[in-house]
Engineer: 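Handing you a structure now.
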Protein chains: 2
Amino acid sequence: MGKVTMRDIAQVMGVSVMTVSNAFNRPDQLSAELRGRILARAAKMGYTGPNAVARQLREGRTRVFGVVVTQGVERVFEDPYQVILLGGLAAELEAAGANILLVGTGHDDVDPMMRVGVDGFVGMCTTHPMAAAASRRGLPLVTTDPMDGVDGWVSIDDRQAGLAIADHVRRLGHRRVTVVVEQTVPEHPCMVVQQPDHLLDLLQVLQADGIYDVWPRTLGVLEGLEGLDVDVVCSAGSSCRAGREAAAVVMDRQDRPTAVVALSDALALGVLDALRERGVVPGRDVSVTGFDDLPDAAAGLTTIRQPIRDKGRLLGQLLLGQTGGERHIVLDHELVVRSSTGPAPR
Amino acid sequence: MGKVTMRDIAQVMGVSVMTVSNAFNRPDQLSAELRGRILARAAKMGYTGPNAVARQLREGRTRVFGVVVTQGVERVFEDPYQVILLGGLAAELEAAGANILLVGTGHDDVDPMMRVGVDGFVGMCTTHPMAAAASRRGLPLVTTDPMDGVDGWVSIDDRQAGLAIADHVRRLGHRRVTVVVEQTVPEHPCMVVQQPDHLLDLLQVLQADGIYDVWPRTLGVLEGLEGLDVDVVCSAGSSCRAGREAAAVVMDRQDRPTAVVALSDALALGVLDALRERGVVPGRDVSVTGFDDLPDAAAGLTTIRQPIRDKGRLLGQLLLGQTGGERHIVLDHELVVRSSTGPAPR
DNA sequence: TTGTAAGCGTTATCAA
DNA sequence: TTGATAACGCTTACAA
């Protein structure tokens with residue numbers, strides 16, 4: 001029961017396995033009458049249709065693409081940026097009859113990347129170490145950020161975007177700025193306020209290991225703020241909650257900054273919450289900027305707009321081989337100024 | 001290239017295929033020296049490790065579970081409820097070394113449910129028609145709502161919860177109430193204001209087809225509001241946007257209700273947005289209720305709290321066969337009263 | 001410690 | 001229209 005195969009049916013009906021197979025896949029290859037009898041009999045025997053895995057083996061492809069995330073699968077769902085991106089990817093793949101497999105980092109010694117049956121991988125942001133792993137599989141691999149040795153990537157010019165944000169803040173007259181950086185490495189403590197120079201050293205190490213991928217963005221921001229009085233706070237991931245925690249650290253110190261530059265909207269929205277809780281008015285008392293232009297940012301967050309959904313779509317097309325020659329795609333971004341930023345109070 | 005198999009390696013090295021297999025899977029089954037040579041040679045030949053699909057076929061399992069969604073994969077990501085549930089499920093499965101496959105409804109004539117290599121299915125809410133399809137595969141199937149013929153489900157007592165909401169609204173003195181119902185069938189027009197009786201007829205048909213699964217909740221609400229002046233609005237899905245649209249219809253009529261009962265928080269949050277845009281103060285001018293207690297509801301939405309994440313976790317355990325005998329799990333819910341509801345204005 | 005044989009369940013090819 | 005044969009790439013059981 002449940003273990004019925006085409007062979008069983010063929011045997012019982014006195015036909016060949018091939019005929020049974022054809023009954024399921026190639027109706028035109030046999031008489032309607034025989035086909036009907038086979039299907040009926042198969043149903044009666046509890047046959048549940050051609051085994052998917054056997055078929056995949058035989059056909060040499062799975063119609064499944066793996067999305068690789070290093071922070072534990074469930075974290076993906078907490079980050080709106082990733083959720084939107086995934087939505088675009090899903091739309092594209094689904095239209096092509098392909099499915100998405102969420103691949104975690106594994107728990108024990110086994111590397112799940114090696115055991116999943118997929119036709120290719122998408123490396124989500126913050127997941128660079130998996131590049132090597134995916135390459136080991138010898139399968140197509142595309143990523144959400146520029147990276148060497150992959151078969152394609154889709155990104156914006158993160159460094160320029162970082163510069164644009166910094167420039168905006170500087171022009172508003174802010175001289176005392178806190179940058180909230182997403183810290184993706186669990187081993188390193190979060191929420192530590194550091195001087196930029198020391199932080200850059202750390203980040204550069206991470207970047208060299210391929211772990212820290214908002215490096216260009218961070219670099220652009222810090223470069224653009226050079227000469228000002230800058231602090232950096234590392235947050236635990238890119239979520240609203242993390243942003244709130246970060247803001248708590250910043251705001252409860254004496255010597256508050258007049259501007260907080262968060263490296264993602266998710267973080268920035270958390271910062272805004274924390275400010276309001278303290279009766280601080282964003283854009284007047286303290287300016288706040290984000291990055292991504294999530295839907296929630298429309299309520300008044302100054303940020304960098306990037307076409308997140310399109311990123312996902314294009315990654316899907318890249319994977320499906322639908323795009324022409326260009327496999328390194330740089331999308332446009334745009335500074336969107338809203339009410340969360342204003343002139344530095346004097 | 002890329003097509004190297006164990007046999008190739010075995011041939012080249014003059015050993016058996018089995019030895020090569022062992023070199024990769026059973027280090028203790030051969031001398032470290034030989035193993036080292038094999039691995040080195042394999043790498044040199046461009047072998048990328050044991051073929052995942054072949055292994056799955058041979059081992060008779062994939063370590064993958066399919067999450068079935070009927071509304072198109074990307075819609076899942078728009079619904080916070082589903083996202084949270086998925087997070088819990090992912091955490092549980094990942095801990096067991098299993099992965100999640102997002103299964104869409106397919107585009108052409110092919111039914112993806114029949115072609116994916118999985119060990120079982122999770123039927124997300126609003127996806128009942130897939131129950132039959134999943135059953136056709138003869139694989140374990142668990143769902144987020146009570147359903148016959150499945151191997152398990154995890155839910156709350158939706159009808160009681162609906163009654164609790166209605167009761168709360170009634171006690172506050174509201175006599176003119178609009179219920180916002182999630183309409184999941186694309187074929188039917190949305191945003192149509194209907195009298196409850198006619199709506200119930202429609203919903204009952206959908207329910208009979210297994211398409212409308214907040215049926216108990218809806219029934220509880222309408223039952224609890226019986227005798228009052230009740231209108232019903234059908235929204236397009238359960239999202240903030242849909243809620244905003246629904247509220248627009250409601251509020252722009254003369255003869256506004258004094259209370260809006262939305263059947264999900266996502267909808268309710270959209271309703272709140274729409275009210276505020278119109279200068280209407282929630283809880284004073286118009287009361288609003290939701291359902292789920294999403295994080296965003298904490299800002300002031302009266303709602304029903306249900307352990308969404310736990311639902312996902314338990315579904316995972318059910319699928320992995322980790323729960324004891326009980327395969328029909330009813331979780332607790334709780335009415336949470338916040339500022340979005342208040343006495344009916346007179 | 002290494003090798004042999006026999007599938008896992010399907011589909012492509014080519015012959016009948 | 002139908003059937004026999006040979007893969008697809010691997011691993012379990014058992015033998016050497």
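Proteins come first, then strands; the chains are lettered A, B, ... in the order of their sequence lines, and each starts at number 1. Heavy-atom basis, side chains included; hydrogens, waters and symmetry copies ignored.
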Engineer: Rounded to the nearest angstrom, tell me the gap between atom CZ in A/Arg7 and atom P in C/dA6.
Structural biologist: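 Answer to the nearest Å: 13 Å.
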
Engineer: Sequence neighbours excluded, which residues qualify as side chain to side chain donor-acceptor pair (under 3.5 Å) partners of A/Trp215?
Structural biologist: none

Engineer: Starting at atom CG of B/Leu57, determine the distance to atom P of C/dG7, rounded to an integer number of angstrom.
Structural biologist: 14 Å

Engineer: Quick one: does A/Val53's side chain get under 4.5 Å of B/Val53's, heavy atoms only?
Structural biologist: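 Yes; the side chains approach each other to less than 4.5 Å.
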
Engineer: Between B/Met45 (CE) and D/dG9 (P), how many Å, whole number?
Structural biologist: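 Spelled out: CE on B/Met45 to P on D/dG9 is 13 Å.
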
Engineer: Show the numbers, then the answer: is there a side chain to side chain donor-acceptor pair (under 3.5 Å) between A/Asn51 and B/Arg137?
Structural biologist: CA-CA 9 Å; A/Asn51 178 292; B/Arg137 280 292 296 270; over 6 Å; no

Engineer: Please state how far atom CZ in A/Arg137 lies from atom P in D/dG9, giving the value in whole angstrom units.
Structural biologist: 13 Å

Engineer: Measure from CE on B/Met6 to C1' on C/dT2 and round the result to the nearest Å.
Structural biologist: 15 Å

Engineer: Are more than 12 heavy atoms from other residues, nucleotides or ligands located less than 6.0 Å from atom CZ of A/Arg61?
Structural biologist: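 Atom CZ in A/Arg61 is not crowded, with 12 or fewer foreign heavy atoms closer than 6.0 Å.
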
Engineer: For the side chain of A/Met18, starting at C-beta, report the closest nucleotide among D/dT12, D/dG3, C/dG3.
Structural biologist: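 Comparing D/dT12, D/dG3, C/dG3 against the side chain of A/Met18, the answer is D/dG3.
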
Engineer: For B/Gln11 and C/dT2, give me the distance from atom CD to atom P, rounded to whole Å.
Structural biologist: 19 Å

Engineer: Rounded to the nearest Å, what distance is computed from the CG atom of residue A/Asp8 to the P atom of nucleotide C/dG7?
Structural biologist: 14 Å

Engineer: Using a 4.0 Å heavy-atom cut-off across all strands, classify A/Val53 as base, sugar-phosphate, or nothing.
Structural biologist: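 Result for A/Val53 = nothing.
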
Engineer: Of the nucleotides D/dA4, C/dG3, D/dC10, which one has an atom closest to the side chain of B/Arg55?
Structural biologist: D/dC10

Engineer: So, is B/Lys3 near the phosphate of D/dC8, with a side-chain N or O under 4.0 Å from OP1 or OP2?
Structural biologist: no

Engineer: Mark yes when over 12 heavy atoms from residues, nucleotides or ligands other than A/Asp148 sit less than 6.0 Å from its CG; otherwise mark no.
Structural biologist: no

Engineer: Can you tell me which nucleotide in D/dG3, D/dT11, C/dG9 comes closest to the side chain of A/Thr5?
Structural biologist: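 Shortest atom-to-atom distance from the side chain points to C/dG9.
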
Engineer: How many whole angstroms separate atom CZ of A/Arg58 from atom P of C/dT11?
Structural biologist: 9 Å

Engineer: Which residue lies toward the 5' end of DNA chain C, B/Glu59 or B/Val17, if each is placed at its nearest nucleotide?
Structural biologist: B/Val17

Engineer: Does the side chain to side chain donor-acceptor pair (under 3.5 Å) test come out yes or no for A/Lys311 and A/Tyr81, once each step is laid out?
Structural biologist: CA-CA 11 Å; A/Lys311 264 194 192 175; A/Tyr81 168 83; 2.8 Å; yes

Engineer: In residues 19-34 of chain A, what residues come within less than 4.0 Å of DNA chain C, judged by heavy atoms?
Structural biologist: A/Ser21, A/Asn25, A/Arg26

Engineer: For residues A/Ile156 and A/Pro307, determine if any side-chain heavy atom of one lies less than 4.5 Å from a side-chain heavy atom of the other.
Structural biologist: yes

Engineer: More 5' along DNA chain C: B/Arg35 or A/Asn51, using each one's nearest nucleotide?
Structural biologist: B/Arg35

